[in-house]
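Side chains included, hydrogens not; waters and symmetry mates left out as well; all remaining heavy atoms used. Letters A, B, ... mirror the listed sequences (proteins, then strands); counts begin at 1. Quick caveat: nothing in here was measured; it's all calculated off a predicted structure.
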4 protein chains.
Amino acid sequence: MRFELNFKSSKPVYLQVVDQVKAAVASGAARPGDTLPSIRPLAEELRVNRNTIAKAYTELEHQCVITTRTGRGCFISDADSPLHKEARLQLVTEEMDQAVIQAHHLQIDRDEFLQLALTRFDAFAQRRLTASDE
Amino acid sequence: MRFELNFKSSKPVYLQVVDQVKAAVASGAARPGDTLPSIRPLAEELRVNRNTIAKAYTELEHQCVITTRTGRGCFISDADSPLHKEARLQLVTEEMDQAVIQAHHLQIDRDEFLQLALTRFDAFAQRRLTASDE
Amino acid sequence: MRFELNFKSSKPVYLQVVDQVKAAVASGAARPGDTLPSIRPLAEELRVNRNTIAKAYTELEHQCVITTRTGRGCFISDADSPLHKEARLQLVTEEMDQAVIQAHHLQIDRDEFLQLALTRFDAFAQRRLTASDE
Amino acid sequence: MRFELNFKSSKPVYLQVVDQVKAAVASGAARPGDTLPSIRPLAEELRVNRNTIAKAYTELEHQCVITTRTGRGCFISDADSPLHKEARLQLVTEEMDQAVIQAHHLQIDRDEFLQLALTRFDAFAQRRLTASDE
DNA sequence: GTGGTCTAGACCACC
DNA sequence: GTGGTCTAGACCACG
């Protein structure tokens, strides 16, 4: 699993790690049961402090993306997201609203926006399919 | 000009303001010479501290997006030219991809996702319409 | 709000703080909208590091017990627990099972156990009522 | 003797074992001279590392609850006498209060709580029965 | 070896 | 003033 950090971003490093793990899971690149890199080596590789990675992993556990077993390591959770549909839709809605705001400010019209939603969704699904063929 | 703030985002409020002004300029929705809302009323409307808006405007001036003339107000600079449609789409695409990742991670299917794109876009358009009637 | 820490307990200090805030909310001693002690003074008062309190507050926010607004402070959430009933019952079940295990090992029989559940629940409700009369 | 472990508790696994043995002794369910399960099979049954069980037994020996005779096994010491009923109820009450706090915090009402106490108690009794049939 | 907790102290962003 | 992030390094518990 490869991580790319941008230390100049306003997004905290630990959240960048969180998002990249979630993206890996979402895309199928990381599968349930897979072990994540252990904290210390990963911290060294990314040139950040151990606590920063630990914080990212804690956050991921809160979000039920991974499970950690002390002394054993951290693993991708196998359970489907335990959140109810309503709660899950709420989370996606928050992201979607960011895109909507951006679209309106940039004068992207309704048709273009829907077209974009469609193509990006499918492009991602395609990448996911490819990953699972490996 | 309408602003949409998300207080729980990791992106600081003042940067959300900066980005939304820049997006308006990039799209041509805000034109050189247009005046921005003055600090105090805007801060009140958005329920944030005046310093937060002041900081956003300072940042925008540093980036040469606006010019402030003390005692007169803040204006869009002449320098910038609206981005081509392609460049604007690229910016929205980045936001859309975040929503796509979230959707896949939360097992939202294609139809639900497109439905969401549609409803949130229209909901926002509706809110703008209502606001402009006031 | 008073905190009592036991540094010899195997329960981490930050979790003791979490539990005591939750108990205060549950009992009605802390009400929605109330502000929690700020991190630095509380850390000083309890003779622990600022990070320890910060960790406790982060955990409480994850559990939707409090909301924190950077630069303003931490507040008891006003929303009802957003968890669905099923999820909430699950959490109580985990605690109940601890009591059940203890009861079986200690040879407490069914009637005694149910009697205990009843009296402790009512005793707590009573304390809560008293608190809200203040 | 049956053990019930909760891997997500903040209480370490080895202490859960310690407490459950002590509870059995306190109630008289385990009597002086009784042999405890040997380490390897128990570790296997509970899916934990042998060291974890060994640590629990070491701790129990330090507390003079058991005596280990190398090559023969571990036995309940003669020293302890079962606690009076009142003392045992006190121990269960502590656990019950945790469940009560959780229930109030999660807005579980009186009837639901008592129902839960009943079903979990019986579910546990049932599991014990089934296990002893094996 | 693994992850978890805690400290001490720095710097930043927001109000 | 507030909370948020990050570092450096300590000690513990678990496997």
Side-chain angles (χ1 to χ4, degrees), chain A residues 5 7 9-17 35-44 46-61 66-75, chain B residues 5 7-8 10-17 43 47-56 59, chain C residues 5 7 9-17 35-43 46-61 66-75, chain D residues 5 7-8 10-17 43 46-56 59:
Chain A
L5 298 185
F7 291 100
S9 165
S10 67
K11 179 179 284 185
V13 172
Y14 86 96
L15 277 184
Q16 294 181 42
V17 174
T35 71
L36 281 92
S38 2
I39 292 183
R40 272 170 251 231
L42 181 56
E44 212 167 306
L46 299 180
R47 309 293 210 80
V48 298
N49 189 277
R50 178 160 114 66
N51 292 338
T52 302
I53 303 298
K55 186 169 191 175
Y57 281 12
T58 303
E59 178 64 25
L60 283 165
E61 191 173 24
I66 69 175
T67 31
T68 104
R69 301 193 60 179
T70 315
R72 307 254 320 249
C74 300
F75 309 86
Chain B
L5 300 185
F7 292 100
K8 291 198 170 170
S10 66
K11 181 181 286 185
V13 173
Y14 85 98
L15 273 186
Q16 294 181 44
V17 174
R47 309 288 212 82
V48 298
N49 192 286
R50 285 206 292 272
N51 294 337
T52 304
I53 303 300
K55 186 167 198 171
E59 178 65 21
Chain C
L5 299 186
F7 292 99
S9 164
S10 68
K11 179 178 285 184
V13 172
Y14 86 97
L15 276 185
Q16 294 182 42
V17 173
T35 71
L36 282 91
S38 9
I39 292 182
R40 272 171 252 231
L42 181 56
L46 300 180
R47 310 292 211 79
V48 298
N49 190 277
R50 177 161 114 65
N51 293 337
T52 303
I53 303 298
K55 188 170 191 174
Y57 281 13
T58 303
E59 179 64 24
L60 283 165
E61 189 172 26
I66 69 175
T67 29
T68 105
R69 301 193 61 178
T70 315
R72 308 253 319 249
C74 300
F75 309 86
Chain D
L5 300 184
F7 292 100
K8 292 198 170 170
S10 65
K11 182 181 286 185
V13 173
Y14 85 100
L15 273 185
Q16 294 181 43
V17 173
L46 300 179
R47 310 287 212 83
V48 299
N49 193 286
R50 286 204 293 270
N51 294 336
T52 304
I53 303 299
K55 187 166 198 172
E59 178 65 21

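- Remark: Glu44(A) CD is loosely packed, at most 12 non-hydrogen atoms of other residues, nucleotides or ligands lying under 6.0 Å away.
- Side-chain nitrogen and oxygen atoms of Ser38(A) include none within less than 4.0 Å of the OP1 or OP2 phosphate oxygen of dG1(E).
- Between Ala54(A) and Arg72(C), the one whose closest nucleotide on DNA chain E sits nearer the 5' end is Ala54(A).
- When each of dG4(E), dT7(E), dG4(F) is scored by its nearest atom to the side-chain atoms of Thr68(C), the top-ranked nucleotide is dG4(F).
- Counting to the nearest Å, the P atom of dG1(F) and the CG atom of Leu42(C) are 16 Å from each other.
- Spacing between atom CG of Leu46(A) and atom C1' of dT7(F) amounts to 15 Å, rounded to whole angstrom units.
- Nearest-nucleotide mapping onto DNA chain F: of Val48(A) and Glu61(C), the residue sitting toward the 5' end is Glu61(C).
- Whole-Å rounding puts the Asn49(C) CG to dG9(F) P distance at 17 Å.
- The side chain to side chain donor-acceptor pair (under 3.5 Å) test applied to Glu59(B) returns Gln63(B), not counting sequence neighbours.
- The distance between atom CD1 of Ile39(C) and atom C1' of dT2(F), rounded to the nearest whole Å, is 8 Å.
- In this entry the distance linking NZ of Lys11(C) with C1' of dA13(F) reads 17 Å, nearest Å.
- When atom types are taken as modelled, the side chain of Ser38(A) and the backbone of Arg40(A) share no donor-acceptor pair closer than 3.5 angstrom.
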Check step by step if side chain to side chain contact (heavy atoms under 4.5 Å, CB included) holds for Phe7(C) and Val48(C). CA-CA 10 Å; Phe7(C) 292 99; Val48(C) 298; 3.7 Å; yes
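- If you take CD of Glu59(C) and P of dC6(E), they are 12 Å apart, rounded to a whole angstrom.
- Toward the 5′ end of DNA chain F lies the nearest nucleotide of Thr58(C), the other residue of the pair Thr52(A) and Thr58(C) mapping further downstream.
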Check nucleotides 10-13 of chain E for protein N or O atoms closer than 3.5 Å to its own N or O atoms and list the pairs.
| from | atom 1 | to | atom 2 | distance (Å) |
| --- | --- | --- | --- | --- |
| dA10(E) | N6 | Arg50(C) | NH2 | 3.0 |

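- Between the CD atom of Gln16(C) and the C1' atom of dC6(E) there is a distance of 13 Å, given to the nearest Å.
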Determine, stepwise, if the pair Thr58(A) / Thr68(A) fulfils side chain to side chain contact (heavy atoms under 4.5 Å, CB included). CA-CA 9 Å; Thr58(A) 303; Thr68(A) 104; over 6 Å; no
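- A straight line from CD1 of Ile53(A) to P of dC6(F) spans 10 Å, rounded to a whole angstrom.
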Can you give the dot-bracket line for DNA chain F, using ( ) for pairs inside the strand, [ ] for pairs that cross earlier ones, | for pairs with another strand and . for unpaired bases, where Watson-Crick and G-U count if both distances are under 3.5 Å? ||||||||||||||.
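- Just one residue in the list Leu46(C), Ile53(C), Asn51(C) forms a side-chain contact (heavy atoms from CB on, under 4.5 Å) with Asn49(C), and that residue is Asn51(C).
- Of the candidates dT7(F), dT2(E), dC6(E), the closest approach to any side-chain atom of Pro41(A) belongs to dT2(E).
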